[in-house]
Amino acid sequence: MAGKFLGSILVLIACFSMGYRLSVREKFRLDELLYFKSAIIKIISELEHNRATFCEAMSMAVNIEENDIFGSIYNAVKNNNTIKTAWKYAFEENADNCYMTAEDIERLSIIGDGFNSGDIELQKKYVNNAVEYINSQENIINQKLDKDKKVYRSVSITVGLFIVLLLI
């Protein structure tokens, strides 16, 4: 009897943990998008105000070792790849290692086209488009976040209780 009771508690904990993990995924996505927004704003600021090269701007604005995408971009540009190519392939290579959706990656990988040009106004246009996209996603995620947490946790507890009833 004690074994069934202990097993039931473990099933409930596992189901709750799975529900919690599903609800936290959107929070991690939001954190990545906000980090990305901050980084590209800092990069464009360095390019515009300090007239730095792209590699100098990235090294001053972003902790390259901390982020795989920016690290890949930095290394590729230092190895004489174009910014557009480096930006595109960095997103494709690291798509599996991040919480961003396919749409996020597609929309944000376009920024490399803007950074590839020498025109600061065109670069700012691409960055502003990306910031607007991230802001819209931030609003959507914040609205869904609390609701989804409750739904995932409730469903996982219900499934856990159903499994416990089947075991007993």
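The first residue in the sequence is number 1, and the count goes up from there.
- Note that OG of S38 is 10.0 Å distant from CD1 of I134, once rounded to the nearest 0.5 Å.
- Residue K88 holds its NZ atom at 15.0 Å from CD1 of I111, rounded to the nearest 0.5 Å.
- Within 6.0 Å of atom NZ in K37, more than 12 heavy atoms from other residues, nucleotides or ligands are found, so the atom counts as buried in its surroundings.
- Y89 and I43 fall into different hydrophobic clusters, defined by Ile, Leu, Val, Met, Phe, Trp and Tyr side-chain heavy atoms under 4.5 Å apart, directly or through other members.
- Here the closest non-hydrogen pair linking E93 and S72 is OE1-OG, 4.0 Å.
- Judged by distance alone, the side chain of E26 and the main-chain N or O of I141 form no donor-acceptor pair under 3.5 Å.
- Atom CD of Q123 and atom CD1 of I83 lie 7.5 Å apart (nearest 0.5 Å).
- Note on R29 versus E32: no salt bridge recorded, every NZ/NE/NH1/NH2 to OD/OE distance being 4.0 Å or above.
- Placement of F36 and L34 within a single hydrophobic cluster is found when ILVMFWY residues are connected by side-chain heavy-atom separations under 4.5 Å, directly or transitively.
- There is a path of hydrophobic side-chain contacts, each under 4.5 Å, that joins I105 to Y35.
- The line from CG of L30 to CG of N139 is 10.0 Å long, rounded to the nearest 0.5 Å.
- With sequence neighbours excluded, the residues that form a side chain to side chain contact (heavy atoms under 4.5 Å, CB included) with Y126 are I110, D113, L122.
- The distance from atom CD1 of I44 to atom NZ of K125, rounded to the nearest 0.5 Å, is 13.5 Å.
- Atom-to-atom distance recorded for E103:CD and E106:CD is 7.5 Å, nearest 0.5 angstrom.
- Ring geometry, F28 versus Y99: the interplanar angle falls from 30° to 60°, so the pair is classed tilted.
- By the 4.5 Å side-chain criterion applied to Ile, Leu, Val, Met, Phe, Trp and Tyr, I140 is assigned to no cluster and stands alone.
- A donor-acceptor contact under 3.5 angstrom links the side chains of D104 and T101, judged on distance only.
- Enclosure of atom OH in Y133 by more than 12 non-hydrogen atoms of other residues, nucleotides or ligands within 6.0 angstrom is indicated.
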